[in-house]
Amino acid sequence: MISRFLLRAGLVGEIFLRILRLFLKPAYTDLALRDENPAGWRRSIFIRIVDCGSSNAAETEIAALFNPLYDAERFGLSLVASPRHADLLLISGPVTRNMQAALLDAFHAMPEPRRVVTLGDDLANNSTFHQSYAVVTLPDEISAVRIAHIPGNPPSPEEILEVLLTLEL
Amino acid sequence: MSSAAFQLLLDIGSRHGVPIYRPGSTQLHFLIRDADGLRQACAGLREMGCYLVTLVANDERELEDHCFKLYYHFSHPEENIFITLEFLIHEGQETYATVADLYPAAEPFEYEIADLFGLFPERQTPRPLLHTHLHSSYPEGLHPLRRSWSQETYVQFLKSSPSVLSMPLQLQAGAATPDGELFLPVGPIHAGVIEPGNFLFRIGGESIEELDISLGYTHKGIERMYQSSFNLLDGYQLAEKVSGDSSFAHTLAYCKACENLARVNLGDEIKLLRAILLELERIANHINDCAALVHDLALDIPAADVGFLREQVMRLCAQITHSRFLRNVNCPGGMRLPQPFDPLATRSRIQKIVQEFMRVANMLIQRSDFRERTLNTGVLLPERALRLGVTGLVARASGVERDFRLQHPFGPYKDAYVQNLIRDAIQNVDLYIPKPFTMSGDVYSRFLQRVIEVDAAGRLIQHFCQQWRETPRTEFVEPILLDHVPNYETGIGYVEGWRGDIIYWLMKDKFDGIFRCKVRDPSLLNWAGLREAVAGKKEIGGSRQETALVDFPLINKSFNLSYSGVDL
C-alpha cells in the first residue's frame, strides 16, 4: 500500500519535473543540453587525463569543462586522480618519446575494460608533429581500444562535451 | 635613451671583443675573443645590473666560421638596449667557459645546450648534469640540433630504440637520505589536469627540505621542426603550439623576430590591435590562475565566480578571433581577423569582467582563511629573485622591476600615458591594501600582482580601444619581402606575455627557410624560482619559515609555469 503510494507520488513528481523543465532553461548555459543524453547511456564515466606532450591549451579546455558554465559533473563525468579509478583514458597532444613509457604505465594501471579517447589535432595522423624525431605514434594496444577522437586545435569545451556525451561504452 | 649607458656598454664590449654591426641603436653586438674575455665581459655587465635574456647555441659548422656559436643576449636594466655577445666554439672542442656562477640564469640554457648540441660547460657541477630534454629513451651521444644529421635520419635511427621511463637520479642510485628524511617522487603524470613533469621532494617530517624538478617529458623537438618543416613566413603556426595558454604572445614574438629580420616596420594600427589582444590574453590567464589558486584553497564559491569570469574572457576572445586561444590571427607582417574589430563591445565587456573580478578579489584578500594560507607561504626573497634572474610576474611579485612593456616597449606602449598606467598600476588599483605596498614574494604577493595586472590590463584595453579608429577592414598585413634579406641574417623578437618576456631568435637560411629558431619562454628562468621558493628553511622577518608539503600545490599554482614552453 505504502510502496504503491510512493511509486505513484514518484511518477507524478517525475512528470511534473519534466513539464517544468520544458519551461525552465538551465541557467548559464548556451548548450542545448537536455536532461537525457543522446546516446542513452545510464552510467557515469570516470576519466583520467594524460597529457602526452600537448601545448597546455587542451588541458585548459578540459579544466574549463568543470567550471560552472559547462559543469560536466552534472552529466556524471568526473576526473579522477589515478588511472586505477578510471573507465576512460583521455589522451591529449602528440605522444612524445619521453612520455611514451609513462603513458603505457598509466594505461596498464587501468582496470579492464579499458577505453581511450584522444583529443586534439596534434594527435591526428596528418599532424606535422609526426615529422619530428621526438614524437612517436600512439602505441598499438592503445589505439586498438580507442573509441573516439575529438578533433580541434584545441577542441572547445562544447566539442569535448558533445563527444563525451555520445560515447557508446 | 641615455647615451652614457650606451657608451659604458660599448666600452665593456670593446674591451673584450670586436663590435660587429649596429642594426639599430638599441642593439649592440660584439664578437668575443676568448673564454677570459667572455667571463670578464659578463662580469662587467653584471656590475651594471644587466640581466641575461637568452642564450642561443647554433651549429654554424657549414657557414664561414666553421664552428659552433653561442649568442649571449643581455638586456640593460632600465634602457631599451640589448647587448649580444657572440662566442665561438671551434670544431673538435666540446666544452666552453661557463658563466653560470655570474649568471645563474644561464644554467638551464647550459643543460639545454648539453642535450641538444652535445656541448658542455667547463665547471664543477654541484649536482650531476641533468638530462632536461633527452631522457633515457634517447641513446647516449645523440644531439638532435647538430645539423650533420637530417630530421629523417634521426627519425629512422630512433625507430629501433626502445622508450623507457626516466627515473630521478637519486632514486636510481638508491641513495640514502639523512635520518628522518625521505624522498617523495611525484609525476610525471600528476593527479590534476596539468602537464607532465617530475618533482622529487626530499622531506623531513612535514616540511620540504629540497625539491628537484625534472622536465622534458613534453619535448616535441620544436626547434628542430622549425628547421625541417617550416619556413620563415609560416613558422608562426608552430609558435602557437609552444605554450598553448600564451599562444598569442608566442606568435607575436615570432612575428616580431621575423619582421626584425626583414627590417620591416609595421603601421600603428597593427601594433595597436596586437597590444589589445596581448592584454586580453593577459587578463584571461591571470583570471584563470587566480581561479585555480582559490580552488586549491578550497574556497569553491569564489573559485566558481572567478572561473565564470574566465570563461567570459575566453568567449570574448572567440568572438573577436574565432579562436578561444587567439590563434591564427598573427602572421609575419600583420594580423588577420575573421571580422572587423568592434572596440565598443570589447570595452564594455572587459570593463564588466574586470569590475566583477576586482569585487571578488577584494573580498578574498580580506578573508582570514585566504590570508592565513597565502601570506608568508613560498617566499621568493627579492635578492634571491634578482640573483636567479627570474622574470615576468614572478620577478615583479618579488619586487624586481622587470617588465618588457616598460624597458623594451613596442608601438602603443611607448606612449608616456601608457607607461604610467603600467608603472603606477599598484597606485591606481582599487584594492584594500596598504599603500605604498611592497611586494614580498610570497603566494599572496603573486596573487595580488595578478590582480593588479588584470586591473592595469583592463585600463590599457580601455585606452587602446579608444584610440582605435573603426574600420571595416579585417586584414592588416604588410608584405614581407625576403628576397633582399641577406643569407644567414638574424632577427630577435620579444614581447611581454602574461608570464613574462618571451624571446624568439631567428636566423634565415639560404632560401626563405629557418636556419635556427631559438624559443625562450619565461618559464625557463622561473623554474629555478619555484625550486627556491619551496625549499628549505628561511629567515623571514626574524622568524623561521619552512614550507609544508601540503602548501606545495598552492605555491606551484601561484607560479603556474609552463612545462611545454620549457621542454620545446
Side-chain angles (χ1 to χ4, degrees), chain A residues 28 30 47-71 79-83 90 92-106 109 120-122 127-137 139 152-157, chain B residues 133-135 137-138 144 151-152 154-155 157-158 162-166 187-196 216-222 224-225 228-230 237-238 240-245 247 288 291-292 304-305 307-308 310-311 314-315 318 323-325 327-328 562-565 567:
Chain A
Y28 291 154
D30 308 349
I47 305 168
R48 175 64 240 177
I49 314 280
V50 179
D51 174 352
C52 292
S54 81
S55 73
N56 43 36
E59 280 60 57
T60 316
E61 293 296 53
I62 294 165
L65 261 184
F66 294 86
N67 73 17
L69 279 110
Y70 298 104
D71 191 19
L79 297 179
V80 290
S82 163
L90 189 57
S92 68
V95 181
T96 64
R97 230 186 142 68
N98 288 340
M99 268 307 279
Q100 193 184 15
L103 171 66
L104 282 169
D105 280 359
D121 287 346
D122 297 343
S127 151
T128 40
F129 278 115
H130 287 300
Q131 295 162 11
S132 170
Y133 66 90
V135 171
V136 296
T137 49
N153 176 26
S156 68
Chain B
H133 290 73
L134 307 183
H135 291 178
S137 50
Y138 290 86
Q151 175 89 279
E152 289 73 36
Y154 282 114
V155 172
F157 179 75
L158 282 169
S163 170
V164 283
L165 187 60
S166 285
I189 301 175
H190 296 269
V193 189
I194 58 168
E195 297 172 77
Y217 290 93
T218 66
H219 176 59
K220 298 184 274 290
I222 281 186
R224 185 72 208 206
M225 279 183 72
S228 59
S229 313
F230 289 86
Q237 293 163 355
L238 194 55
E240 283 174 352
K241 307 249 165 113
V242 172
S243 178
D245 47 16
S247 295
N288 189 38
D305 272 349
F308 176 75
R310 144 82 173 183
E311 188 61 28
M314 294 297 269
R315 288 182 185 185
S323 158
R324 289 163 59 89
F325 292 89
R327 286 180 168 179
N328 261 327
S562 172
Y563 301 64
S564 180
D567 300 345

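Hydrogens, waters and symmetry mates are skipped; everything else that's a heavy atom, side chains included, is used.
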Subject >> Least distance between heavy atoms, B:Arg324 atom then A:Glu61 atom >> reply: NE-OE2, 2.6 Å

Original post:
Yes or no on side chain to side chain contact (heavy atoms under 4.5 Å, CB included) for B:Leu134 and A:Arg97, after CA distance, side-chain angles and deciding distance?
Top reply: CA-CA 9 Å; B:Leu134 307 183; A:Arg97 230 186 142 68; over 6 Å; no

**OP:** Check each atom of B:Asn288 against the heavy atoms of chain A and say whether the ones under 4.5 Å are side chain, backbone, both or neither.
**Re:** side chain

**OP:** Please name the pair of heavy atoms, one in B:Ala191 and one in A:Arg48, separated by the smallest distance, quoted to 0.1 Å.
**Re:** O-NH1, 2.9 Å

**OP:** State, with a plain yes or no, whether a side-chain heavy atom of A:Leu69 is found less than 4.5 Å away from one of B:Phe308.
**Re:** yes

Original post:
Do side-chain atoms of B:Lys220 reach the backbone of A:Phe129 as a donor and acceptor pair under 3.5 angstrom?
Top reply: no

**OP:** Counting only heavy atoms closer than 4.5 Å, note whether A:Asn67 contacts chain B via side chain, backbone, both or neither.
**Re:** side chain

**OP:** Counting only heavy atoms closer than 4.5 Å, note whether A:Ser82 contacts chain B via side chain, backbone, both or neither.
**Re:** neither

Original post:
For chain B, which of A:Pro94, A:Ala106, A:Ala57 has the most heavy-atom pairs under 4.5 Å?
Top reply: A:Ala57

Original post:
Side chains of A:Thr128 and B:Phe230: closer than 4.5 Å at any heavy-atom pair?
Top reply: yes

Original post:
Highest number of heavy-atom pairs under 4.5 Å with chain A: which of B:Gly221, B:Gly565, B:Gly192?
Top reply: B:Gly221

**OP:** Tell me, out of B:Pro144, B:Gly216, B:Gly307, B:Ala292, who's got the most heavy-atom pairs with chain A below 4.5 Å.
**Re:** B:Pro144

**OP:** Can you label the angle between the B:Tyr138 ring and the A:Tyr133 ring as parallel, tilted or perpendicular, going by 30° and 60°?
**Re:** perpendicular

**OP:** State, to 0.1 Å, how close A:Met99 and B:Ile189 come at their nearest heavy-atom pair, and which atoms those are.
**Re:** CE-CG1, 3.9 Å

Original post:
So, do B:Arg327 and A:Pro154 sit near enough that their side-chain heavy atoms are less than 4.5 Å apart?
Top reply: yes

Original post:
Between B:Asp245 and A:Glu59, is any pair of side-chain heavy atoms under 4.5 Å apart?
Top reply: no

Subject >> Check: B:Met314 and A:Ser156 side chains under 4.5 Å, non-hydrogen atoms >> reply: no

**OP:** Check whether any side-chain heavy atom of A:Asn153 lies under 4.5 Å from a side-chain heavy atom of B:Gln237, and answer yes or no.
**Re:** no

Subject >> Option among A:Ile62, A:Thr60, A:Asn56, A:Leu90 that satisfies the side chain to side chain contact (heavy atoms under 4.5 Å, CB included) test with B:Val193 >> reply: A:Ile62

Original post:
Is there side-chain contact between B:Ser137 and A:Gln100, with at least one heavy-atom pair below 4.5 Å?
Top reply: no

Subject >> Contact class of B:Leu158 relative to chain A, heavy atoms under 4.5 angstrom >> reply: both

**OP:** With a 4.5 angstrom heavy-atom cut-off, could you sort out which part of A:Ser54 is near chain B: side chain, backbone, both or neither?
**Re:** backbone

**OP:** Could you look at B:Ile222 and say if it's the side chain, the backbone, both or neither that has a heavy atom under 4.5 Å from chain A?
**Re:** side chain

Original post:
Given the options A:Val95, A:Asp122, A:Val135, which has more heavy-atom pairs under 4.5 Å with chain B than any of the others?
Top reply: A:Asp122

Original post:
Looking at A:Ala101, A:Pro157, A:Ala134, which one has more heavy-atom pairs under 4.5 Å with chain B than the rest?
Top reply: A:Ala134

Subject >> Side-chain heavy atoms of B:Glu240 within contact of A:Ser55, under 4.5 Å >> reply: no

**OP:** Name the member of B:Ser247, B:Ser229, B:Ser228, B:Ala318 that forms the most heavy-atom pairs with chain A at distances under 4.5 Å.
**Re:** B:Ser229

**OP:** Check whether A:Val136 gets within reach of chain B through its side chain, its backbone, both or neither, counting any heavy atom under 4.5 Å.
**Re:** neither

